[in-house]
A.B. asks: 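Below is one structure. I have some questions about it.
Counting from 1, the numbers follow the sequence of the chain as shown.
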Amino acid sequence: KAGFANEQARNRFQSELEFVQCLANPNYLNFLAQRGYLRERPFINYLKYLLYWKEPEYAKFLKYPHCLHMLELLQYEHFRKELVNAQCAKFIDEQQLLHWQHYSRKRTRLQQALAEQQQPQQQVPSHGNVITK
């Protein structure tokens with residue numbers, strides 16, 4: 001029985017991990033909204049339950065941590081209602097892309113600066129005029 005319970009717990013963990021990460025996709029959120037899931041009380045309660053993923057011992061398993069921001073926004077009725085509009089999902093998608101591009105460029109610049117900093121400073125010989133007698 002213990003093995004079965006462990007397998008059930010592992011399957012539940014994996015399913016919830018996958019679902020929470022799907023929330024990072026604005027097109028999926030639009031799909032859920034258009035089909036009425038985001039208006040159903042049991043589903044809204046489930047989204048509230050999933051907030052435990054914000055805890056560090058669970059968040060460390062997330063590959064797409066920005067899904068937590070979407071999970072937080074999904075707690076608000078106004079946000080859930082707006083997701084029915086495909087333009088809303090498109091806007092969120094574009095904003096995510098811009099964020100990732102900015103983050104990538106910034107990270108690359110930081111890595112380059114760090115690499116330059118770690119290179120041994122080469123001593124440049126001075127070419128002063130030395131007068132000998």
A.B. asks: Using the six-membered ring wherever Trp is involved, compare the ring planes of Phe13 and Phe61 and label them parallel, tilted or perpendicular (cut-offs 30° and 60°).
C.D. replies: perpendicular

A.B. asks: Please state whether the rings of Phe43 and Tyr46 are parallel, tilted or perpendicular, taking 30° and 60° as the class boundaries.
C.D. replies: tilted

A.B. asks: Do Ile44 and Leu50 sit in one hydrophobic cluster, given that two such residues count as connected whenever their side-chain heavy atoms are within less than 4.5 Å of each other, even indirectly?
C.D. replies: no

A.B. asks: Does atom CD (Glu77) have a neighbourhood of more than 12 heavy atoms from anything else shown, all under 6.0 Å?
C.D. replies: no

A.B. asks: So which heavy atom on Asn30 is nearest to which on Ala89, and how close?
C.D. replies: CB-CB, 3.7 Å

A.B. asks: Could you check whether any side-chain heavy atom of Leu17 comes within less than 4.5 Å of a side-chain heavy atom of Trp53, counting everything from C-beta outward?
C.D. replies: yes

A.B. asks: With a 4.5 Å limit on heavy-atom distance, are the side chains of Leu74 and Leu29 in contact?
C.D. replies: yes

A.B. asks: Does the side chain of Ile92 reach to within under 4.5 Å of the side chain of Leu83, using non-hydrogen atoms?
C.D. replies: yes

A.B. asks: Once you measure the plane-to-plane angle for Tyr58 and Tyr52, does it fall in the parallel (<30°), tilted (30-60°) or perpendicular (>60°) bin?
C.D. replies: perpendicular

A.B. asks: Any side-chain to backbone donor/acceptor pair from Gln21 onto Leu62? Under 3.5 Å, distance only.
C.D. replies: no

A.B. asks: Given side chains that start at C-beta, do those of Leu47 and Leu23 come closer than 4.5 Å, heavy atoms only?
C.D. replies: yes

A.B. asks: Any idea which heavy atoms bring Ala24 and His66 closest together, and the distance?
C.D. replies: CB-NE2, 3.3 Å

A.B. asks: Is any side-chain heavy atom of Glu16 less than 4.5 Å from a side-chain heavy atom of Tyr49?
C.D. replies: yes

A.B. asks: Which heavy atom of Ala33 sits nearest to which heavy atom of Leu38, and what is that distance?
C.D. replies: CB-CD1, 3.6 Å

A.B. asks: Could you check if a side-chain atom of Gln8 sits within less than 4.5 angstrom of a side-chain atom of Arg12, using non-hydrogen atoms only?
C.D. replies: no

A.B. asks: Does a side-chain heavy-atom distance below 4.5 Å link Glu72 with Leu51?
C.D. replies: yes

A.B. asks: Which heavy atom of Gln75 sits nearest a heavy atom of Leu71, and at what distance?
C.D. replies: NE2-O, 3.1 Å

A.B. asks: For the CD atom of Glu55 and the CG atom of Leu68, what is their distance to the nearest 0.5 Å?
C.D. replies: 10.5 Å

A.B. asks: For the hydrophobic clusters of this structure (ILVMFWY residues joined by side-chain heavy atoms under 4.5 Å, transitively), does one cluster hold both Tyr28 and Val84?
C.D. replies: no

A.B. asks: Which distance, rounded to the nearest 0.5 Å, do you find between the CG of Leu32 and the CZ of Arg80?
C.D. replies: 12.0 Å

A.B. asks: According to a hydrophobic-cluster definition based on side-chain heavy atoms being under 4.5 Å apart (Ile, Leu, Val, Met, Phe, Trp, Tyr only), do Phe31 and Phe79 belong together?
C.D. replies: yes

A.B. asks: State the NZ-CG distance between Lys90 and Asn27, to the nearest 0.5 angstrom.
C.D. replies: 10.5 Å

